[in-house]
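All values derive from a computational prediction rather than experimental measurement. Just the heavy atoms: all of them, side chains too, but no hydrogens, waters or symmetry mates, feed the values below.
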Amino acid sequence: MTTLVTGAAGFIGMHVAAALLSRGERVLGIDNFTPYYSIDLKQARIRHLQARHGADFGFLEVDFGDAGALEQALADETVDRIVHLGAQPGVRYSLENPTAYVHSNVAGHLNILELARHSRVAHLVYASSSSVYGMRDDTPFRIEDRVDRPISLYAATKRADELMSETYAHLFRIPQTGLRFFTVYGPWGRPDMAVWKFTEAVLRGRPIDVYNHGDMLRDFTFIDDIVNGIVLTLDQPPLDDEQEKPGGFITPHRLYNIGNNRPEQLMDLIHAIEQACGRQAVLNLLPMQPGDVYQTFADIDAINHDLGFAPTTPIDVGIPAFVDWYMSKWANAETKLL
């Protein structure tokens with residue numbers, strides 16, 4: 001059995017590929033190394049997988065937003081399952097380069113749906129986002145909540161993915177699960193995310209840009225917990241039984257929140273980073289940025305009930321794990337991993 005992992009050079013994609021490979025599966029990864037953040041880091045993730053798993057890990061450099069290129073690249077491959085994690089990420093960047101989001105997140109998702117349709121895959125698991133909930137005062141965020149008021153183009157593209165997936169589940173009975181990720185962090189993480197940026201700033205004595213003057217809440221979720229949830233989901237596809245599933249669908253399609261179920265104050269995160277680094281942060285307090293939300297808080301009752309997902313890693317464990325990785329693998333590397 002071969003599982004295709006899109007975005008295999010990405011943070012979550014690399015970890016999911018590693019988890020599947022570690023239990024003896026064959027993984028085919030694809031990525032196109034977009035320069036949204038360090039290509040050196042992305043290439044290092046692929047080298048990490050290749051060094052540890054050899055021929056069991058296949059990799060193709062291809063842009064899944066290009067339908068012709070994707071079809072040509074996979075012409076000789078058999079794909080049994082798909083974990084579609086590749087996307088153009090970032091809320092603020094969607095204000096600067098909106099076409100990148102339509103290409104990767106809308107056209108790209110459609111191309112993966114077509115691949116799933118023609119390959120008759122056993123299950124397509126795809127990445128959505130907590131951003132679809134928009135600016136909400138009521139928490140926790142529930143799958144049943146309205147998600148038709150996005151405040152960023154990124155969020156709008158992720159909701160579009162969910163709706164396209166429902167259409168394909170209805171028309172072609174493709175088993176699918178969409179996962180609404182809440183802020184993910186950990187070793188091999190993304191340099192554009194708060195945990196990486198804050199850690200780097202503290203270690204280098206640079207000011208940290210703290211939006212909304214630090215009054216923000218995030219459901220920070222450690223990568224090991226996220227990977228566990230993705231693998232649990234992949235192994236248990238939804239049934240085509242006309243019974244209502246999370247998300248309200250009666251097709252073989254469901255939606256889950258996947259988060260820590262424990263929002264943390266942004267300032268508490270900064271204090272945890274200070275303690276792990278052994279240095280005090282210099283804070284540059286700023287107003288809320290366009291497209292940002294005040295808080296995220298995942299209701300994970302559905303995925304816990306259906307699949308047994310239960311995160312176990314608080315920030316006082318996860319943050320030191322990230323800082324240890326950063327200091328040993330990146331802090332002295334300048335432009336590439338040691």
Side-chain angles (χ1 to χ4, degrees), residues 6-7 9-13 31-38 42 63-66 83-113 125-136 139 141 143 145-166 176-185 189-197 209 211-212 216-221 223 226 230 247 255-259 263 266 286-298:
T6 72
F11 171 37
I12 302 176
D31 206 292
N32 67 334
F33 297 110
T34 57
Y36 171 68
Y37 64 80
S38 170
K42 295 180 179 184
D63 177 6
F64 60 77
D66 182 334
V83 182
H84 178 36
L85 301 171
Q88 175 59 59
V91 169
R92 293 172 197 141
Y93 186 59
S94 68
L95 302 176
E96 303 171 23
N97 190 3
T99 57
Y101 290 77
V102 175
H103 176 78
S104 292
N105 300 4
V106 180
H109 190 75
L110 176 62
N111 294 340
I112 296 299
L113 287 169
V125 177
Y126 65 91
S128 187
S129 169
S130 61
S131 296
V132 300
Y133 290 108
M135 190 71 76
R136 307 184 64 92
T139 57
F141 299 167
I143 288 295
D145 291 342
R146 289 182 61 176
V147 287
D148 56 357
R149 297 173 182 172
I151 63 170
S152 70
L153 180 64
Y154 171 70
T157 63
K158 285 301 184 179
R159 181 53 177 162
D161 291 348
E162 295 177 351
L163 296 175
M164 286 192 290
S165 281
E166 171 57 14
Q176 296 179 71
T177 304
L179 297 174
R180 292 176 176 170
F181 291 114
F182 287 67
T183 311
V184 187
Y185 73 97
R190 276 173 37 196
D192 63 314
M193 299 290 284
V195 170
W196 182 302
K197 291 165 68 175
D209 289 340
Y211 296 106
N212 205 37
M216 298 176 75
L217 288 155
R218 289 291 182 270
D219 203 330
F220 294 104
T221 314
I223 184 62
I226 287 289
I230 293 171
L255 299 172
Y256 290 126
N257 288 332
I258 182 166
L266 188 59
L286 298 169
M288 182 76 88
Q289 295 295 290
D292 268 354
V293 298
Y294 169 67
Q295 62 182 332
T296 62
F297 182 0

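- Both cation-pi conditions hold for Arg180 and Tyr133: the charged atom is under 6.0 angstrom from the six-membered ring centre and inside a 45 degree cone around its axis.
- Pairing each heavy atom of Met164 with each of Val106, the nearest pair is CE-O, 3.5 Å.
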(message) Test side chain to side chain contact (heavy atoms under 4.5 Å, CB included) on Ile112 and Thr6; report intermediate values, then the result.
(response) CA-CA 9 Å; Ile112 296 299; Thr6 72; 3.9 Å; yes
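- For the residue pair Lys197 and Pro191, the shortest heavy atom distance occurs at CG-O, 3.1 Å.
- Side-chain contact check for Gln176 versus Val125: every heavy-atom pair is 4.5 Å or farther apart.
- Between Asn257 and Ile143 there is a side-chain heavy-atom pair separated by less than 4.5 Å.
- You'll find the side chain of Pro89 reaches within 4.5 Å of the side chain of Arg190, heavy atoms only.
- Using a 4.5 Å heavy-atom threshold, the side chains of Ser130 and Phe182 count as touching.
- In this structure, Tyr256 and Thr177 have side chains that are in contact, with non-hydrogen atoms separated by less than 4.5 Å.
- Rounding to the nearest 0.5 Å gives a distance of 9.5 Å between CD of Gln88 and OG1 of Thr157.
- Side-chain contact check for Pro287 versus Tyr211: every heavy-atom pair is 4.5 Å or farther apart.
- Taking both residues in full, the closest heavy atoms of Ala156 and Pro150 are given as N-CB, 3.9 Å, listed atom of the first, atom of the second, then distance.
- Note: Tyr36 and Tyr93 have tilted aromatic rings, judged against thresholds of 30 and 60 degrees for the angle between ring planes.
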(message) side chain to side chain contact (heavy atoms under 4.5 Å, CB included), that's the test. Do Tyr154 and Leu95 meet it? Break it down for me.
(response) CA-CA 9 Å; Tyr154 171 70; Leu95 302 176; over 6 Å; no
(request) Kindly determine whether Asp66 and His103 satisfy side-chain hydrogen bond (donor to acceptor under 3.5 Å, both in side chains), including the steps that lead there. (result) CA-CA 8 Å; Asp66 182 334; His103 176 78; over 6 Å; no
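- In terms of modelled atom types and a separation under 3.5 Å, the side chain of Lys42 and the main chain of Gly7 share no donor-acceptor contact.
- Checking side-chain atoms of Asn32 against main-chain N and O of Asp63 turns up no donor-acceptor pair under 3.5 Å.
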(request) Let me see the working for Leu179 and Tyr126 under side chain to side chain contact (heavy atoms under 4.5 Å, CB included), right down to the final yes or no. (result) CA-CA 6 Å; Leu179 297 174; Tyr126 65 91; over 6 Å; no
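- Side-chain N or O atoms of Thr296 include one that pairs as donor or acceptor with a backbone N or O of Asp219 at under 3.5 Å.
- Minimum interatomic distance between Glu162 and Ser128 (heavy atoms only, all atoms of both residues): OE2-OG, 2.6 Å.
- Counting only heavy atoms from C-beta outward, the side chains of Asp145 and Arg136 approach each other to under 4.5 Å.
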(message) Applying ring-ring contact (aromatic ring centres under 6.0 Å, His included) to His109 and Phe64, what does each step give before you reach the verdict?
(response) CA-CA 8 Å; His109 190 75; Phe64 60 77; 9.2 Å; no
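- Counted by atom type alone, Asn212 and Tyr294 present zero donor-acceptor pairs between their side chains at under 3.5 Å.
- In this structure, Tyr37 OH and Met193 CE are separated by 10.0 Å, a value rounded to the nearest 0.5 Å.
- When all heavy atoms of Ala87 and Ser104 are compared, the closest pair comes out as C-CB, 4.4 Å.
- A donor-acceptor distance shorter than 3.5 angstrom exists from the side chain of Tyr101 to the backbone of Ser94, with no hydrogens or angles considered.
- Here the CG atom belonging to Leu153 is positioned 12.5 Å from the CD atom belonging to Glu96, to the nearest 0.5 angstrom.
- A 4.5 Å side-chain heavy-atom check between Ile226 and Ile12 finds at least one atom pair inside the cut-off.
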(message) Between Phe181 and Ser129, does the side chain to side chain contact (heavy atoms under 4.5 Å, CB included) criterion hold? Intermediate values first, please.
(response) CA-CA 5 Å; Phe181 291 114; Ser129 169; 5.8 Å; no
